[in-house]
Amino acid sequence: MNNMKKTNIDEKAITIRFAGDSGDGIQLMGAQFAKSTALKGNDFATFSDFPAEIRAPAGSEFGVSSYQINLGSAKIMTSGDSPSVLVAFNPAALKVNLPLLNSGAIIIINTGAFTKRNLAKAKFDKDPRLTSALSSFQLVELDIDKLTSESVLRFGLSKSKASRCKNFLALGLILWVFGHDIEKTISWINKLFIDKDTIESNKTALKAGYFFGETNEVSTTLPKYFFPPSDFSSGEYRNVKGSDALAYGLAAAAELADLPMMFCSYPITPASSLLHKLSEMEELGIGVFQAEDEIASICAAIGASYGGAIGVTSSSGPGISLKTESINLAINTELPLVIINSQRGGPSTGLPTKTEQSDLLQAVYGRSADAPIPVLSVSTASDGFDIAIEAVRIAIHHMTPVILLTDGFINNSSHPWLLPDIKKYKKIAINQPKRDIKNIFLRDKSTLARPWIIPGTKGGIHRIGGIEKDFETGNISYDPDNHQKMTNLRINKIKNISNFIPNQEVSFGPARGKLAVVGWGSSFGAINQSLRSISNKNVSQIHINYISPFPKNLKKLLEGFEKVLVPEMNMGQLSALLKDKLNLNPISFCKVTGQPFLVSELIKEINYCLDE
Amino acid sequence: MNNMKKTNIDEKAITIRFAGDSGDGIQLMGAQFAKSTALKGNDFATFSDFPAEIRAPAGSEFGVSSYQINLGSAKIMTSGDSPSVLVAFNPAALKVNLPLLNSGAIIIINTGAFTKRNLAKAKFDKDPRLTSALSSFQLVELDIDKLTSESVLRFGLSKSKASRCKNFLALGLILWVFGHDIEKTISWINKLFIDKDTIESNKTALKAGYFFGETNEVSTTLPKYFFPPSDFSSGEYRNVKGSDALAYGLAAAAELADLPMMFCSYPITPASSLLHKLSEMEELGIGVFQAEDEIASICAAIGASYGGAIGVTSSSGPGISLKTESINLAINTELPLVIINSQRGGPSTGLPTKTEQSDLLQAVYGRSADAPIPVLSVSTASDGFDIAIEAVRIAIHHMTPVILLTDGFINNSSHPWLLPDIKKYKKIAINQPKRDIKNIFLRDKSTLARPWIIPGTKGGIHRIGGIEKDFETGNISYDPDNHQKMTNLRINKIKNISNFIPNQEVSFGPARGKLAVVGWGSSFGAINQSLRSISNKNVSQIHINYISPFPKNLKKLLEGFEKVLVPEMNMGQLSALLKDKLNLNPISFCKVTGQPFLVSELIKEINYCLDE
Amino acid sequence: MKNKKNKLEHNFSSSQEVRWCPGCGDYAVLKTMTQTLSKINLSPENIVFVSGIGCASRMPYYIETYGFHTIHGRAPSIATGLKISQPDLDIWVITGDGDALSIGGNHLLHTLRRNLNLNIILFNNEVYGLTKGQFSPTSRIGTKSPSSPKGSIGSAVNAGLFALGAGGTFIARAIDTDKRGLGSVLESAHFHKGTSLVEVFQNCIVYNDKVFSNFTSKENAIDFQIHLENGKPLLFGKDNSKGLRIRNNLELEVVDSKNNKDDILIHDETNPVLSQLLLSMEPPEFPVALGVIRKVEKQIYENNFYESHSSKMKRKVSINSVIRNGDIWTIT
Amino acid sequence: MKNKKNKLEHNFSSSQEVRWCPGCGDYAVLKTMTQTLSKINLSPENIVFVSGIGCASRMPYYIETYGFHTIHGRAPSIATGLKISQPDLDIWVITGDGDALSIGGNHLLHTLRRNLNLNIILFNNEVYGLTKGQFSPTSRIGTKSPSSPKGSIGSAVNAGLFALGAGGTFIARAIDTDKRGLGSVLESAHFHKGTSLVEVFQNCIVYNDKVFSNFTSKENAIDFQIHLENGKPLLFGKDNSKGLRIRNNLELEVVDSKNNKDDILIHDETNPVLSQLLLSMEPPEFPVALGVIRKVEKQIYENNFYESHSSKMKRKVSINSVIRNGDIWTIT
Ligand SMILES: Cc1ncc(C[n+]2csc(CCOP(=O)(O)OP(=O)(O)O)c2C)c(N)n1
Ligand SMILES: Cc1ncc(C[n+]2csc(CCOP(=O)(O)OP(=O)(O)O)c2C)c(N)n1
Ligand code: SF4
Ligand code: SF4
Ligand SMILES: [Mg+2]
Ligand SMILES: [Mg+2]
């Protein structure tokens, strides 16, 4: 260990990463540290990176699970480019994460795990401590294994059980490093486990870690970080994970429409977290149906919508693809439905636990025939709340299925969330006539939507189906002119939604200028952070949540910039849409590595565009 | 019946339409008339229009089945805009087809069917013969029912059986009108049926119709048409239906690659005709597997390809949509596969028996993630032969699934086909190494294709799958950089195909000019005919068969025209691609009625573009 | 009485034109169906017909109730979502052998195992009618069709045995034109609590005419049909002269019923072995079992759903309080 | 001898790192699988493992044969296409309870009914392992999981009964860690001509630990397992003290085997009633039936395919002559 800064208090933010085996409880530890950070009043953003294997063999590189958090007193927009602190529970965790670190980063390693066997499993030829591999970093060696087992000795746990407390020991130490109070974490442990021994041993390990920091020589080798509270606007806050915010938003929409919601899904990574969360939300009038596959799940949601509930279905690439045919049924029968796509790396099984935003063109164009559908997108973890409400609102108001795009990164990232007040939201008006039904297919003049007449309604008997229907009567029609009329109707109905959505806003920078950085989805934070860093008055961020149809002013807005740069975690899909729909000619900046954008790479690209 | 032209011999082509109940044998009659026309040496093109119902209640409007043929001594490019002769077997057939007719058209009606009941079923308030509805046409009244039953009297058939001969009687009459020899048709009847009574009664009816024309007073009320033989280039010809040409092309490709072919499908209109045809082609080394659904069928085709055969699958909109996930597996595992989409009216069940070309964007973009695939398209009935060969060639040569688009119109239309000689085609080289396999994933430098090592090959053991694979070893890889590399590879591999396909040619007109009319698929004939009619030196036809990737010269070629007009039977899908991929700004001309383009409406639009 | 029935029946005929081929067995089923609905006498607006794709699946258009003509094979899934959201509706699923057993086999399996209170009417004509006559999974081996010109090569699925293996709680069969048999089976299906599967042997006059004539034709009916009644002996043939008994090796045999009175099996709708044996019977060795073959009680999915659902799908709290529950903090 | 075996076995272990959770039952199955392959002694290049998606479905990576890790639920279909195109390959399909019985139920049904000569190994751990522990169609009612926090509400599917209803010709069961039982079942599956379905009770130590302990645990094994052998009496328990007999009402009962010697059933792999009864048995009333429960001969799809295929997939004529056949004309 060499020349060590004692504290980083002069910096406004720091990125720290925890990494270990899939079975080490890294995600749990990280999530609790984030909570604790929130309660400390600091802003933060987190990102989880874990393997597709459930619990890959201990010590292997592909089994490494990581949790990254960027926190501080500044406004935090991303989970951080490159960590300044790494806690590595074993050699594989060190190996995998080394390339990501800031030069000069502090690496806390668990020396207990640096056995020959583990080094071999991580494919280190030599113990990296004995080589120059770590020379540009600050190494802190701690036998976390030993400290843990010693701390919980008195519980007489088996070796493996004792070892499972080590994430709590490490968490304790980190809490000390950041000057957090451990009481909140202790009461969390009390609630987290049922078994008394587990509770006590984990609490003991946590305290051991904390006091170890406080009392031992560590204080001389580890810096302490004290961030003054961030500058939050006033209100109530909680830490929220992307998939949770989406779930809350769906429930909020059901409340605003005053309808029950049926969430019908089939598990798939990274969409399952939404299924899990909603499974716990019965009190909000939400029912969950886990179907036998994705087709059955969207069909059950369509059935529920037909029955007057809000049908919602959710999946990822492979599963969304399977829903294609059924989406067209919902389009043709004009039933409200929300289809949530948690995008992941592809094609095919691809990289199930890695993030990507490459299902945009599928969402917009990926169905047989002319089958338009509104497409919305979530930009940040907490954003999902509002977007989910918007998706349900459009589905019901315009009687159409809606695709809502999010991704693995958003679902698994979190940040503090200024809690909304549902009472301030506009109610979602439903048109479910119950009496005096004169014309069953009489469309609303402003939305072109048909009424939502549900089975059980007296005087409303009618039939719907996937065959082309007559514009007036809704009966089967093979008439050529009627088909043109209905095709136009379907297109105009969706285009017309642009009259009901907000104008596109500029997220950062002026409304005209040299360069517009146009993004969508989870790149919001990284783009925003990079523009803040550059702080060039000619560069603006325009981030699109309403993708189909685009906001009415988007074309004009973008034409106010000399250049349009579109960074995407795909090979240029929003760019394709901007060309097709708005006749623009944007510059594409693509990254398809399964990893989110780094602020640094965006800054580089933006500067390049400015210099060019 | 009023002032009747005795012959139209001064015209170079005529359009005639047969229409009756689904059970009247209209398609059979039409097809045989087309054959006979071919043998007469005239060029022609046909189009079938029939209901989704199998045999809808007799006499109903929606049960009308029609067969249209355009024939003559001129070069025939389409099945004709509006018929000059209609043979209507009942009131519904008259009702449905009346709006399509040329003013002055000859209408031959079967008076026997003009009963009160049938008139009511066709929703005629009054017998149209008694109103002005037919005043601008030339009506020929014939009691086909009676003539038929009288002619077959001696066979002592039941009334319904006797009535089933009426299409043959009508055919006989029409053969006489066009001066055809009936011998060929008689020998066809001999082969068509097994039951002797059926053969004899149908032959008798045929002859009765023919001789009725020859001997009766009809010759004074009906014109005779004699077209001198068309100007065909020399060679052997046959009449070919679009789906048959495709089937032959697939078989030809198997022959060129010297591999067996597995065609795996699930029935769906209008794709089933291909399934049926290939089911009779075992002698050509083709196996057919009718699976339990579309997913199983594409998966079986993938399995067959994995086993070293040529896997082919086929469907239409709803079924193609179901294959989406599996296509991505074929992309990721880089297996050769041909997916044939016989497009139909949509979305959803839509208009199953009507034509449309609206699955283009789905073909190009409709999969999760960045999942590029070559897309080819068939332009005419006979064209399918060559395009099928090209699709198989690309699939095998570049180790990729390929989408081949055709449509209901092409599948059901026919025209004379100059028979190709398979010996003149380039063989399809396969790369199925059997020995000395050093690097299992070593890519071909020119195509970037991996070798096609099939199970059973000694020394070739390896594993493939849908998870991202390492560029070098093919093993599972979650490595970020590798994912980028593989994503690039997949895109470049497909882009690179443009180096192996022919340059885009101009189908009609000069290579530079004022207006390029750009089409794809089954609109070829109509566009071509309209440009021939206009014969303006500033207008050219450019018809694209290779849609993804586009031919290398396409952008330049199109930039040589002041304007680009894209007529499509969808809401502007090729236009979207031209914008996205080539940064062009075409004028879209869209028609989505389930009916092919009329030459007249194209001419109007083209003139409008020229005048503007 | 008769008059009244006719009046009621009228309520269930929709205004849409019927579009099946003349002579199709579907007409007879439609007729018996509307008559049964009249007899049950539910309000039409509380009935929904959900169907897939195929000739049979057009039926919802022709009945004056709510109707949803969905997509191929998925009607059971759509009906499932509908039933959960509105458990009081009387839902009938109309499907064909291709729709239910080819593309839709998986949804049928899971619907049967979950046991929602739905009535599934499977029109088995052993052929894909709507797509013009290809063999289906119920077509017997060797069936010639446009996609199997030399005869199909895969052995057929037995709808009833499949349903039995899937844990079906109600399995019944009837012949399209057998008004009485079909009517009573439809009625039993309606009153059964759980998923009822009714297989209707339906004649496709165009593509598979007389495929069931080995037991449906006038000559064969008496010897090759056995009409089951729970608790009654398994007798058939002229004057019930024949009966079914079980042999030691657990196989059925047909015996003279008079000389073997005590051996004749008694129909028991709850016995799975008997269900299996009856469902397996085929002419010429055996008669075809018709009527209610199996009927047992099992937990009903939507009942369990609502019983375990803490708010019964009626929101009890506001999202405002839920998001404020747990670790929250206030910035002032 | 032992040495030789070990050597051979080595041939079937691939170089890929095994990525299952420590303690997962899949390890034991992998081991027995490679040992069985060694014993059968086929050339590795003539064997293909085709799998779907799930923990179990990773197995092909770990065996040194050809392998295809496909997509969720579709492995039987891909194997079907492969088998038809290359009937001489020895094809094993690896699948899980979710893969085979949830999303893939339809393909399993049709593969079983077609009866291709494939071996399907279904790893039943009554849970979706790979997606982190949601209940599956084989989970017993009331199973708590992330998507059923209050317990699942649909009743479970019984893999064997499903296969029976689908017309399966070979149905067997084994326990992951029971080397002998599993090994012999895998071997029988291999040698069976037709589709073999082997259900392996596999312990998911992370999400469903000990779910089968009511018959797999040391204490329970003797009383709650019955290992079947064709032609042998159905005996189990300590010293085979217990046996199975059939009651008049066609139900099974467990009896003292000594006092009821003559009543004890003899295992008959071909009797469908017995298959049904054995597959339905559950503790605590009955032992779980293990080994080969059903094995019958039926037409094999790919045999029929090639027998009826006029060119045996080897082209006999040129397209040149085919297109010139029929009504052609020549323009000179
Ligand atoms: C996804 C999809 N695949 C295929 C079809 C074509 N198709 C329509 S009905 C049908 C089969 C009908 O057979 P069945 O269910 O037995 O009904 P039937 O017409 O015999 O009453 C098929 C294959 C379709 N509409 N959708
Ligand atoms: C189309 C699709 N849907 C969902 C998934 C997600 N998924 C992967 S494995 C799996 C279930 C695995 O369960 P099982 O087959 O029992 O295998 P196990 O992991 O338990 O061995 C699911 C739902 C997927 N990969 N593809
Ligand atoms: S094709 Fe067959 S099943 Fe369909 S309507 Fe006609 S007769 Fe009935
Ligand atoms: S999750 Fe369960 S089944 Fe999957 S590898 Fe781990 S222990 Fe095995
Ligand atoms: Mg059918
Ligand atoms: Mg499982």
Side-chain angles (χ1 to χ4, degrees), chain A residues 35 38-39 41 184 188 232-239 248 251-252 254-255 260 262 264 281-285 287 289 291-293 295-296 299-304 306-309 311 325-326 329 333 419-423 454-467 475-476, chain C residues 14-16 19 43-51 53 60-61 64-86 88-89 91 106-107 109-110 305 308-320 322-324 326-332:
Chain A
K35 259 194 203 168
L39 297 176
K184 301 261 176 192
W188 167 72
F232 285 109
S233 45
S234 72
E236 291 165 300
Y237 284 83
R238 71 177 299 145
N239 177 21
Y248 294 140
E255 185 168 342
M262 276 291 300
C264 307
M281 290 169 62
E282 293 183 346
E283 299 279 299
L284 286 149
F289 173 63
E292 61 271 25
D293 65 14
I295 300 175
C299 285
I302 289 173
Y306 176 57
E325 187 204 7
S326 308
L329 177 66
T333 53
L419 294 179
D421 180 1
I422 189 73
K423 296 202 196 88
I454 65 174
T457 308
K458 254 209 158 98
I461 284 182
H462 67 285
R463 282 146 292 269
I464 58 172
I467 298 186
N475 294 339
I476 289 184
Chain C
S14 86
S15 61
Q16 315 269 311
R19 299 187 178 198
S43 313
E45 67 267 15
N46 292 326
I47 304 176
V48 187
F49 277 79
V50 180
S51 67
I53 300 284
Y61 290 110
E64 191 59 12
T65 63
Y66 280 90
F68 196 167
H69 181 220
T70 71
I71 45 178
H72 199 31
R74 320 299 174 188
S77 306
I78 288 176
T80 294
L82 178 61
K83 187 73 187 177
I84 300 175
S85 81
Q86 288 216 45
D88 293 337
L89 292 175
I91 303 177
N106 202 33
H107 309 305
L109 157 65
H110 289 281
F305 181 91
S308 83
H309 195 285
S310 66
S311 77
K312 316 292 171 215
M313 294 293 280
K314 296 202 169 18
R315 189 173 51 80
K316 275 187 174 167
V317 296
S318 167
I319 191 70
N320 260 359
V322 170
I323 57 178
R324 283 169 179 79
D327 295 320
I328 72 159
W329 68 96
T330 308
I331 308 279
T332 44

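Quantities reported herein were computed from a predicted structural model and do not represent experimental measurements. In what follows, chains carry the letters A, B, and so on, assigned in the order in which the sequence lines appear, proteins first and then strands, with residues in each chain numbered from 1.
- The choice from A:Ser326, A:Pro420, A:Ala301 that makes the most heavy-atom pairs within less than 4.5 Å of chain C is A:Pro420.
- Checking side-chain atoms of C:Thr70 against main-chain N and O of C:Ser51 turns up a donor-acceptor pair under 3.5 Å.
- A 4.5 Å side-chain heavy-atom check between A:Asn475 and A:Arg463 finds every atom pair outside the cut-off.
- Both the backbone and the side chain of C:Arg324 come within contact range of chain A, each with at least one heavy atom under 4.5 Å from a heavy atom of that chain.
- Interface remark: of the candidates A:Gly311, A:Ala309, A:Gly456, A:Gly465, A:Gly456 forms the most heavy-atom pairs closer than 4.5 Å to chain C.
- Counting heavy-atom pairs closer than 4.5 Å to chain C, the top residue among A:Glu283, A:His462, A:Lys184 is A:Glu283.
- Of the two parts of A:Ser233, only the backbone, made up of N, CA, C and O, holds a non-hydrogen atom closer than 4.5 Å to a non-hydrogen atom of chain C.
- For A:Lys458, the NZ atom counts as loosely surrounded, since its 6.0 Å shell holds 12 or fewer non-hydrogen atoms of other residues, nucleotides or ligands.
- Between chain C and the residues A:Ala38, A:Gly466, A:Ala296, A:Ala251, the most heavy-atom pairs under 4.5 angstrom are made by A:Ala38.
- Put simply, the side chain of C:His72 gets close to the backbone of C:Ile53: a donor and an acceptor are under 3.5 Å apart.
- Heavy-atom distances place no part of A:Ala254 under 4.5 Å from chain C, backbone and side chain included.
- Looking at C:Ile323, the atoms closer than 4.5 Å to chain A (heavy atoms on both sides) sit in the backbone and in the side chain alike.
- No donor-acceptor distance shorter than 3.5 angstrom exists from the side chain of A:Glu255 to the backbone of A:Ile422, with no hydrogens or angles considered.
- With a 4.5 angstrom heavy-atom cutoff, A:Lys423 touches chain C via backbone and side-chain atoms both.
- Side-chain atoms of C:Gln86 come within 3.5 Å of backbone N or O of A:Gly307 as a donor-acceptor pair.
- Looking at C:Phe305, only its side chain comes within 4.5 Å of chain A, counting heavy atoms on both sides.
- Listed for the C:Tyr66 side chain is a donor-acceptor partner under 3.5 Å among the backbone atoms of A:Thr457.
- Interface summary for chain C: among A:Pro260, A:Gly287, A:Gly235, the most heavy-atom pairs under 4.5 angstrom belong to A:Gly235.
- With a 4.5 angstrom heavy-atom cutoff, A:Ala252 touches chain C via backbone and side-chain atoms both.
- A donor-acceptor contact shorter than 3.5 Å links the side chain of C:Ser14 to the backbone of C:Tyr61.
- Interface remark: of the candidates A:Gly460, A:Gly459, A:Gly41, A:Ala291, A:Gly460 forms the most heavy-atom pairs closer than 4.5 Å to chain C.
- Contacts of C:Ile71 with chain A are made by both backbone and side-chain atoms, with heavy-atom separations under 4.5 Å.
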